[in-house]
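These numbers were taken from a predicted model, which means no experiment stands behind them. Excluded from the calculations below are hydrogen atoms, water molecules and symmetry mates; all remaining heavy atoms, backbone and side chain alike, are included.
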Amino acid sequence: MDSALIQAPTFITVGKGDAARRIAVRSRAGDGPALVWLGGFRSDMGATKAMVLDAYARDHGRALVRFDYTGHGESEGEFAESTISTWLEDAMAVLGATVTGPAILVGSSMGGWIACLAARARALRGDAPLAGMVLIAPALDFTETLMWERFPPDIRATMEREGVWMRPTDYGPEPVPTTMALIEDGRRHLLLGGPIDPGCPVHILQGMRDPDVPYTHALATVERLPAPGTVLTLIADGDHRLSRPQDLARLLAAVAEIG
């Protein structure tokens, strides 16, 4: 077995005071723009797509960074106390600590939203331009458009009264604590109300049988991105995970095409 797959992660400290937490990071040295994996909501850096990307980096001598958000995987912190601001802070800290030149952000679901927010934040700071982004079922603004706007009145009332709703999920046996703080914080980061210019090529992979992020959401995202350099691949029989062999091959082809 590749030793990089079993070695202990390194940790970076993010936040200050009571908000400080250790974020688990695994990285590979290599050539070319670094590939940076940004996972989805409740996912971690050991997920199928992340590991396939890691193997691709190993086999092609590419630099790669994987990490777990606060409250995910091997990182510290409580998931139920975290928000989009928390996870964006994690991503920016990891990028700042591990990437010195151009990078390709590979974001899945929520990671697609985090990638776009990180691209905007890096541009405002004057950081090196990104080499590109590959986004899998990008869930921009999901706390509002795919959660709050879909919740029936009784669930909204529960969240407003109790601050949390234990939402059932098809991706695990335990319900997911969905907090009013997550919804309210998400409103600070909405992107689909105006143009989005990440300053780099973007390739979106989207399943048309995705029950969590409808393909119409990907179309709305594409409409906000600059036409030059933006590619959308619709997979007619694809689900949300896009983790079948043919889907993983499309992911790696998109990464290779960008650079």
Side-chain angles (χ1 to χ4, degrees), residues 1-115 117-119 121-122 127-128 130-131 133-136 139 171-172 174 176-177 241 243 248 251-252 255:
M1 180 179 292
D2 181 6
S3 62
L5 302 184
I6 60 175
Q7 68 183 9
T10 59
F11 289 87
I12 65 170
T13 299
V14 179
K16 298 179 180 179
D18 292 341
R21 65 273 183 195
R22 296 200 312 155
I23 298 300
V25 181
R26 284 185 167 89
S27 59
R28 290 184 178 276
D31 299 325
L35 307 176
V36 181
W37 174 255
L38 300 167
F41 191 67
R42 299 286 285 178
S43 186
D44 60 46
M45 61 174 159
T48 300
K49 292 187 290 292
M51 298 309 297
V52 166
L53 189 66
D54 183 275
Y56 171 86
R58 176 198 65 205
D59 294 344
H60 292 80
R62 295 293 301 271
L64 176 134
V65 178
R66 296 180 286 134
F67 71 98
D68 286 331
Y69 304 114
T70 299
H72 291 67
E74 298 171 274
S75 290
E76 294 181 344
E78 295 296 326
F79 174 85
E81 297 175 3
S82 303
T83 63
I84 299 301
S85 291
T86 309
W87 299 322
L88 176 59
E89 183 181 30
D90 295 342
M92 293 298 293
V94 170
L95 283 166
T98 62
V99 176
T100 57
I104 297 174
L105 305 186
V106 185
S108 178
S109 195
M110 181 183 79
W113 188 9
I114 298 293
L117 291 170
R122 284 171 60 86
D127 291 346
L130 293 172
M133 296 198 297
V134 177
L135 310 180
I136 307 109
Y171 299 103
E174 300 297 327
V176 177
R241 291 183 183 273
S243 291
L248 299 172
L251 168 60
L252 297 181
V255 169

K.L.:
Would you call Arg21 and Glu81 a salt bridge, using N to O less than 4.0 angstrom?
P.N.:
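Looking at Arg21 and Glu81, the cut-off is not met.
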K.L.:
Is there a side chain to side chain contact (heavy atoms under 4.5 Å, CB included) between Leu117 and Ile84? Walk through the geometry before answering.
P.N.:
CA-CA 10 Å; Leu117 291 170; Ile84 299 301; 3.9 Å; yes
K.L.:
Between Thr70 and Gly77, what is the shortest heavy-atom contact and its length?
P.N.:
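Scanning both residues completely, I find the closest heavy atoms to be CG2-CA, 3.7 Å.
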K.L.:
Check whether His72 reaches the backbone of Asp68 with its side chain - one donor and one acceptor, N or O, closer than 3.5 Å.
P.N.:
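Not confirmed, His72 side chain does not pair with Asp68 backbone.
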K.L.:
Would you name the heavy atoms of Asp44 and Gly46 that are closest together and state the gap between them?
P.N.:
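That closest heavy-atom pairing would be OD1-N, 2.8 Å.
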K.L.:
Got a second to check how far Ser109's OG is from Leu135's CG, nearest 0.5 Å?
P.N.:
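Atom-to-atom, Ser109:OG and Leu135:CG are 11.0 Å apart.
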K.L.:
Find the distance between OG1 (Thr98) and CG (Leu64) and round it off to the nearest 0.5 Å.
P.N.:
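That separation rounds to 9.5 Å.
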K.L.:
If you apply the rule side chain to side chain contact (heavy atoms under 4.5 Å, CB included), what do you find for Val176 with Phe79, and how did you get there?
P.N.:
CA-CA 9 Å; Val176 177; Phe79 174 85; 3.8 Å; yes
K.L.:
What distance do Ile136 atom CD1 and Lys49 atom NZ have between them, rounded to the nearest 0.5 Å?
P.N.:
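Rounded to the nearest 0.5 Å, the CD1-NZ separation comes out at 6.0 Å.
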K.L.:
Using modelled atom types and a 3.5 Å cut-off, is there a donor and acceptor pairing between side-chain atoms of Arg66 and backbone atoms of Met45?
P.N.:
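Side chain of Arg66 to backbone of Met45: a pair is present.
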K.L.:
Please find the pair of heavy atoms, one from Pro9 and one from Arg26, that lie closest to each other, and give the distance.
P.N.:
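In this case the closest contact between Pro9 and Arg26 is CD-NH2, 3.4 Å.
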K.L.:
Okay, side chain of Arg62, backbone of Asp31: is any donor-acceptor separation there less than 3.5 Å?
P.N.:
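Yes; at least one donor-acceptor contact below 3.5 Å.
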K.L.:
Search all heavy atoms of Leu88 against all heavy atoms of Ala118 and return the closest pair with its distance.
P.N.:
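Residues Leu88 and Ala118, closest heavy atoms: CD1-N, 3.8 Å.
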K.L.:
Which is it for Phe11 and Glu76 under the side chain to side chain contact (heavy atoms under 4.5 Å, CB included) test, yes or no, and what are the steps along the way?
P.N.:
CA-CA 10 Å; Phe11 289 87; Glu76 294 181 344; 5.7 Å; no
K.L.:
Scan Thr10, Asp90, Leu95 and name whichever one has a side chain to side chain contact (heavy atoms under 4.5 Å, CB included) with Phe67.
P.N.:
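The passing option is Asp90.
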K.L.:
Could you tell me whether a side-chain N or O of Tyr69 sits under 3.5 Å from a main-chain N or O of Gly39, the two making a donor and an acceptor?
P.N.:
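Confirmed, Tyr69 side chain pairs with Gly39 backbone.
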K.L.:
Rounded to the nearest 0.5 Å, how far apart are CG of Leu35 and NE2 of His60?
P.N.:
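Reported value, rounded in 0.5 Å steps: 10.5 Å.
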K.L.:
Where is the tightest heavy-atom contact between Arg28 and Ala57, given as atom of each residue plus distance?
P.N.:
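Looking at all heavy atoms of both residues, the shortest contact is CD-CB, 4.1 Å.
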K.L.:
Please round to the nearest 0.5 Å and tell me the distance separating atom CG of Leu53 and atom CG of Leu248.
P.N.:
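CG of Leu248 is found 10.5 Å from CG of Leu53.
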K.L.:
Before accepting this row, confirm whether a basic side-chain N of the pair Glu174/Arg42 lies closer than 4.0 Å to the acidic partner's carboxylate O.
P.N.:
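So Glu174 does not pair with Arg42 through a salt bridge.
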K.L.:
Provide the closest heavy-atom pair for Ala24 versus Ser75 in the form atom of the first, atom of the second, distance.
P.N.:
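Result for this residue pair: N-OG, 2.8 Å.
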